[in-house]
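Read through the structure below, which is laid out as structure tokens, and then see the notes.
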Number of protein chains: 2
Amino acid sequence: MEHVVAETPRLTESAGAVFAVLAQAGSATRPQLASLAGLSKPTVSAAVAELEGARLATHSGTASGGTGRSAAVYGLGPASGSVIAVDLGPARTRVRGCALDGTLLVEADTPRIRAADAVREALAALPAGAPLRAIVVAIGDVTASDLAGTGMRPATAKAGPVFDAVSVALPPGVPVHLENNVNCAALAELHEGAARGRRTFGYLRIGVGIGLGIVIGGQVLRGANGAAGELARLPYPWDDDREPRQEALEAYVGSHALLRRAAEAWQDTDGPCPRTAEQLFALAAEGREPARSLVARHAADVGRLAAAVAAVLDPGLIVLGGSTGADPQLLPGVRSELGRLSWPTEVVSSQIGDLGTVVGAARLAVAKGVQNVTEGAQVKD
Amino acid sequence: MEHVVAETPRLTESAGAVFAVLAQAGSATRPQLASLAGLSKPTVSAAVAELEGARLATHSGTASGGTGRSAAVYGLGPASGSVIAVDLGPARTRVRGCALDGTLLVEADTPRIRAADAVREALAALPAGAPLRAIVVAIGDVTASDLAGTGMRPATAKAGPVFDAVSVALPPGVPVHLENNVNCAALAELHEGAARGRRTFGYLRIGVGIGLGIVIGGQVLRGANGAAGELARLPYPWDDDREPRQEALEAYVGSHALLRRAAEAWQDTDGPCPRTAEQLFALAAEGREPARSLVARHAADVGRLAAAVAAVLDPGLIVLGGSTGADPQLLPGVRSELGRLSWPTEVVSSQIGDLGTVVGAARLAVAKGVQNVTEGAQVKD
DNA sequence: TGAACTTCGTTAGGAAGTTAACTAACGAAG
DNA sequence: CTTCGTTAGTTAACTTCCTAACGAAGTTCA
């Protein structure tokens with residue numbers, strides 16, 4: 001099956017703006033488009049005619065709601081095409097294909113070993129004949145900057161092999177964008193999670209590793225090395241008479257440390273030691289010791305991490321996610337430690353969970369795809 | 001003396017763009033303006049005519065450089081007006097009045113007690129008849145958000161009284177913008193200091209207090225509470241078995257701590273103990289112990305601070321400033337500790353020094369003033 | 001000194017978008 | 001069933017800016 005790469009005729013500026021707004025809204029009437037795009041009625045009429053001609057928009061019904069003449073409703077047309085997002089997680093690979101209005105077309109969730117096949121299957125299941133406009137791959141690593149020429153971006157050492165294994169399944173000629181998985185999850189929280197309506201916030205993920213996704217003015221902050229939010233490199237331990245060691249913080253506040261402490265605590269008791277973070281949190285929810293105090297202590301640690309973030313960024317909102325971070329039991333402890341140390345900052349738990357990374361990657365892919373349409377050519381980022 | 005507030009007739013969009021470009025360049029020919037503003041020659045001609053009519057631009061000579069017809073050179077006209085910047089420092093108050101092209105019109109540097117008088121004198125010395133278009137006041141405190149109505153912003157507790165003492169000298173009806181002094185100094189480094197040409201960097205100031213000015217994409221990051229970069233609230237000390245205390249870091253890495261440690265070290269030696277940071281750095285520059293090792297240790301501390309910043313922001317460049325931070329002797333130590341702990345980040349010393357805050361505040365005021373002209377009305381931020 | 005060249009600035013025509021006013025379609029009230 | 005208010009969509013005149021071409025004013029070189 002062939003995925004044709006956009007030979008869309010160059011759109012006028014207003015048609016591009018209208019398309020972007022239509023993609024965001026999913027479907028809309030001309031007056032709605034005019035108001036959303038900040039254009040006049042005649043201009044929108046012309047733009048819609050242009051989009052219909054290019055099969056980028058189609059008349060999909062009429063809105064007969066209130067008083068007055070009923071308006072024609074438009075939606076995305078068949079030529080608008082689709083995008084695909086891949087989350088290369090440590091254990092599982094998740095794939096999502098979406099239309100440019102964000103509607104889900106294909107979904108897959110497989111063990112990592114089947115990643116390339118899953119991508120191929122997803123590509124085959126997308127509507128043929130319409131262009132594939134963007135590919136976003138989320139990885140658990142710092143993402144390097146653009147490689148000149150191809151438009152693809154190589155992963156650094158940590159996630160390089162995984163990415164290479166999947167990249168053979170990607171169709172040539174379509175722009176590929178690599179993005180950090182925590183950044184993707186932050187975008188998911190921004191658009192359909194706990195940070196909806198915000199412009200600036202931090203998404204703090206605590207699992208085996210720790211990471212921060214920073215959103216400022218609706219944009220992900222990537223940093224000069226693509227390493228913004230890589231909190232593992234915060235100086236730790238840090239005191240008058242102690243030397244910080246590299247990446248020591250992750251070993252101390254990550255979920256491994258939590259389970260290690262649990263194992264130590266359970267040595268002095270009888271009863272089975274919890275083997276996963278979920279088991280530990282379940283015991284703590286019942287008020288059992290030593291689970292409760294271990295969780296309380298973890299909350300204080302997370303609160304300190306959040307305080308470090310607030311001291312630098314003052315984001316106003318921190319969303320907690322990750323295997324040990326997302327549990328609402330942490331909230332009181334995190335809030336009190338953060339409040340004690342730093343600036344007034346709202347703290348809430350993630351609303352999306354494990355799917356956050358694919359969902360956010362798909363959001364990013366949709367944005368790139370829309371850009372691809374409105375700017376006529378392939379987007380370089 | 002009356003400072004008339006802009007009753008500038010509303011400019012067309014292109015004339016506004018040309019004015020902004022002309023203010024930035026100071027003076028320019030029409031072809032230069034066309035290229036800088038991204039407009040065509042006829043449009044620039046029309047815009048310049050409009051600006052000349054409003055006395056916002058004047059013909060200031062001809063450029064007879066190379067081959068071909070010589071172009072007319074234009075500069076800002078008398079109606080473009082001026083702005084004023086005030087740095088309310090802990091000991092001294094600095095005032096600068098500037099034209100909208102950034103040229104210095106008035107300058108003052110007085111003890112804090114004379115602040116209000118100095119502001120009044122500076123206002124009196126500005127060209128009469130032309131509008132005063134913006135006032136920026138830099139203070140050593142977190143700046144709260146806009147007070148509705150007046151357009152003025154109150155300081156919080158720390159710098160409130162100082163600001164109130166000066167605000168009585170400010171003419172009514174002119175938009176006042178309060179800004180953190182470290183943020184101002186960062187802007188100075190961005191425009192005419194060590195960060196020229198950058199879009200993103202951090203300005204780390206180490207003096208009695210510690211602070212960070214964050215510039216992302218050419219814009220200062222202020223944060224939800226105006227507290228972005230208030231590093232004093234980084235958790236410290238931070239270790240498995242220690243409780244961070246609020247603002248403990250400032251007491252440990254600020255210049256007071258450095259001098260306290262010097263006093264302790266000199267107890268065991270004869271010779272006079274250095275009483276200021278400058279004296280200590282001078283001794284270290286000669287290679288004298290214990291000054292040398294005290295400075296080396298300070299450098300490592302600053303490097304850890306820089307590492308904390310790099311772990312969150314990955315800014316690519318950190319400029320060191322402040323009474324103990326700006327000394328180039330620190331650079332090797334800071335670079336090695338930062339390199340050991342965190343991401344590849346350039347580290348350089350401030351190129352501006354004590355005047356940074358006023359200079360940056362003046363830059364900000366000029367930007368606000370230009371906005372005031374191009375957007376016709378008073379700017380709300 | 002004058003021809004050739006180069007750059008400045010203006011004039012003329014056209015593209016794109018706005019406002020304003022008009023026509024078309026629909027629901028509700030008399 | 002007509003009439004009125006409301007909202008959708010179109011037409012027309014005007015604004016703004018661009019491109020293209022041309023005249024004007026310099027410089028360089030024979």
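Worth saying up front: this structure is predicted, and the values here are computed from it rather than measured. Below, chain A is the first sequence line, B the second, and so on; all start at residue 1.
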Should T43(A) be listed as having a side-chain N or O under 4.0 Å from OP1 or OP2 of dT18(C)?
yes

Could you tell me from which nucleotide to which nucleotide of DNA chain D, 5' to 3', there is an atom under 4.0 Å from chain A heavy atoms?
dT6(D) to dT11(D)

Atom pairs under 3.5 Å, N or O on each side, protein against nucleotides 21-23 of chain C: can you list them with distances?
none

Which is true for S40(B) with a 4.0 Å heavy-atom rule: it touches a base, it touches only sugar-phosphate, or it touches nothing?
base

Within residues 18-28 of chain A, the residues having a heavy atom closer than 4.0 Å to DNA chain C are none

Among all residues two or more places apart in sequence or in another chain, which pass the side chain to side chain donor-acceptor pair (under 3.5 Å) test with E192(B)?
R363(B)

Spell out, as yes or no, whether a donor-acceptor pair under 3.5 Å connects the side chain of T200(B) to the backbone of G217(B).
yes

Per nearest nucleotide of DNA chain C, the residue lying toward the 5' end, G38(A) or T67(A), is G38(A)

Watson-Crick and G-U pairing of DNA chain C written in dot-bracket, each distance under 3.5 angstrom, with | for inter-strand partners
||||||||||||||||||||||||||||||

Whichever of V73(B) and G68(B) has the more 5' nearest nucleotide on DNA chain C, that residue is G68(B)

Residues forming a salt bridge (charged side-chain N to carboxylate O under 4.0 Å, His left out) with E13(B), sequence neighbours excluded
none

Ignoring hydrogens and geometry beyond distance, is a side-chain donor-acceptor pair present between T12(B) and E50(B) at under 3.5 Å?
yes

Any donor-acceptor pair under 3.5 Å linking the side chain of R96(B) with the backbone of L105(B)?
no

side-chain contact (heavy atoms from CB on, under 4.5 Å) with A361(A): which residues, sequence neighbours excluded?
A85(A), V136(A), A138(A), C184(A)

For A37(B), side-chain contact (heavy atoms from CB on, under 4.5 Å) partners two or more places apart:
V21(B), L39(B)

side-chain contact (heavy atoms from CB on, under 4.5 Å) involving L190(A) - partner list, sequence neighbours excluded:
L187(A), F201(A), V215(A)

Look at all strands and tell whether T29(A) reaches a base, only sugar-phosphate, or nothing, counting heavy atoms closer than 4.0 Å.
nothing

With sequence neighbours excluded, give me every ring-ring contact (aromatic ring centres under 6.0 Å, His included) pair touching residues 14-35 of chain B.
none

Working note: R198(B) + E189(B), criterion salt bridge (charged side-chain N to carboxylate O under 4.0 Å, His left out); need CA distance, chi angles, decisive distance, verdict.
CA-CA 10 Å; R198(B) 293 284 181 147; E189(B) 296 291 342; over 6 Å; no

The criterion is salt bridge (charged side-chain N to carboxylate O under 4.0 Å, His left out); which residues satisfy it with R30(B), sequence neighbours excluded?
none

What is the nucleic acid contact for P42(B), judged by heavy atoms within less than 4.0 Å: base, sugar-phosphate only, or nothing?
base

Can a donor-acceptor pair be found, under 3.5 Å and without considering hydrogens, that links the side chain of N183(A) to the backbone of G213(A)?
no

If you look at every strand shown and take non-hydrogen atoms under 4.0 Å, does A72(A) touch a base, only sugar-phosphate, or nothing?
sugar-phosphate

Residues that S40(B) engages under side chain to side chain donor-acceptor pair (under 3.5 Å), provided they are two or more places apart
T43(B)

